[in-house]
Amino acid sequence: AELAGTDAIICFNKADLVVPDEAQYTKTYTKLGYRVFITSTYTNEGIDELKNAISGKVISVCGFSGVGKSSILNTLMGKQKTFPRKTHNP
């Protein structure tokens, strides 16, 4: 992003699953000058702040499988959320 002259932000999703020690990683990126957002599509934590930061901009989303990319995009677009449920096998 920097080489292309665009702004990069970092979003840590699934904040509802984070243990306190993991929050230290956000400090590292903030010290490097990145805007960091901590979100949870389950609790909606940080979603409004992220939405305001990207409003009116073209965005690209990347990350490992299972980190919640689709969940964030669906939430930002106002699509209904579905969460996995535990099933009971009789």
Side-chain angles (χ1 to χ4, degrees):
E2 293 171 5
L3 291 175
T6 62
D7 295 327
I9 63 170
I10 297 173
C11 177
F12 290 96
N13 192 31
K14 299 190 178 185
D16 50 295
L17 302 178
V18 174
V19 294
D21 290 343
E22 292 176 336
Q24 70 182 348
Y25 297 113
T26 63
K27 293 177 186 176
T28 301
Y29 292 107
T30 301
K31 286 180 183 178
L32 292 171
Y34 293 102
R35 289 182 68 188
V36 178
F37 295 87
I38 300 171
T39 62
S40 168
T41 57
Y42 185 75
T43 65
N44 283 326
E45 175 184 344
I47 297 297
D48 287 337
E49 292 84 359
L50 178 61
K51 191 181 289 188
N52 289 335
I54 64 172
S55 179
K57 298 179 180 177
V58 175
I59 66 166
S60 174
V61 178
C62 62
F64 291 107
S65 177
V67 297
K69 299 176 300 291
S70 296
S71 296
I72 288 176
L73 291 174
N74 287 336
T75 299
L76 291 171
M77 292 186 300
K79 295 192 175 182
Q80 185 176 2
K81 296 182 270 187
T82 57
F83 297 102
R85 298 180 190 193
K86 291 184 179 182
T87 58
H88 175 70
N89 293 327

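Being a predicted model, the structure only gives us computed values, none of them experimental.
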Requested in this report: Return yes if some donor-acceptor pair links the side-chain N/O of Lys69 with the main-chain N/O of Gly63 below 3.5 Å, else return no.
Outcome: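 Yes, the answer is positive, given that a donor and an acceptor are paired below the 3.5 Å cut-off.
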Quick check for you: to the nearest 0.5 Å, what is the distance between [X] atom [atom1] and [Y] atom [atom2]?
{"X": "Asn13", "Y": "Thr41", "atom1": "CG", "atom2": "OG1", "value": "5.0 Å"}
{"X": "Leu50", "Y": "Thr75", "atom1": "CG", "atom2": "OG1", "value": "10.0 Å"}
{"X": "Ile10", "Y": "Thr26", "atom1": "CD1", "atom2": "OG1", "value": "10.0 Å"}

Query - Ala15 versus Ser40, closest heavy-atom pair with distance - result: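 Distance-wise, the nearest heavy atoms are N-CB, 3.9 Å.
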Query raised in the report: Is the number of heavy atoms from other residues, nucleotides or ligands under 6.0 Å of Asp16 CG greater than 12?
Result: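 Yes.
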Please report, to 0.1 Å, the donor-acceptor pairs under 3.5 Å made by any side chain of residues 51-60, with sequence neighbours excluded.
{"residue": "Asn52", "atom": "ND2", "partner": "Asp48", "partner atom": "O", "Å": "3.3"}
{"residue": "Lys57", "atom": "NZ", "partner": "Ala53", "partner atom": "O", "Å": "3.4"}

Query raised in the report: Between Tyr34 and Tyr29, how do the two ring planes meet: parallel, tilted or perpendicular, split at 30° and 60°?
Result: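 Answer is perpendicular, since the angle exceeds 60°.
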Query raised in the report: With ILVMFWY side chains joined below 4.5 Å, transitively, what does Phe64's cluster contain besides itself?
Result: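 Its cluster mates, by chain and number, are Val67.
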Query raised in the report: Phe12 and Ile72: same hydrophobic cluster, using ILVMFWY side-chain contacts below 4.5 Å?
Result: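 Different hydrophobic clusters.
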Query raised in the report: Should Ile9 and Leu73 be counted in the same cluster of Ile, Leu, Val, Met, Phe, Trp and Tyr side chains packed under 4.5 Å apart?
Result: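 In one cluster with Ile9: Leu73, yes.
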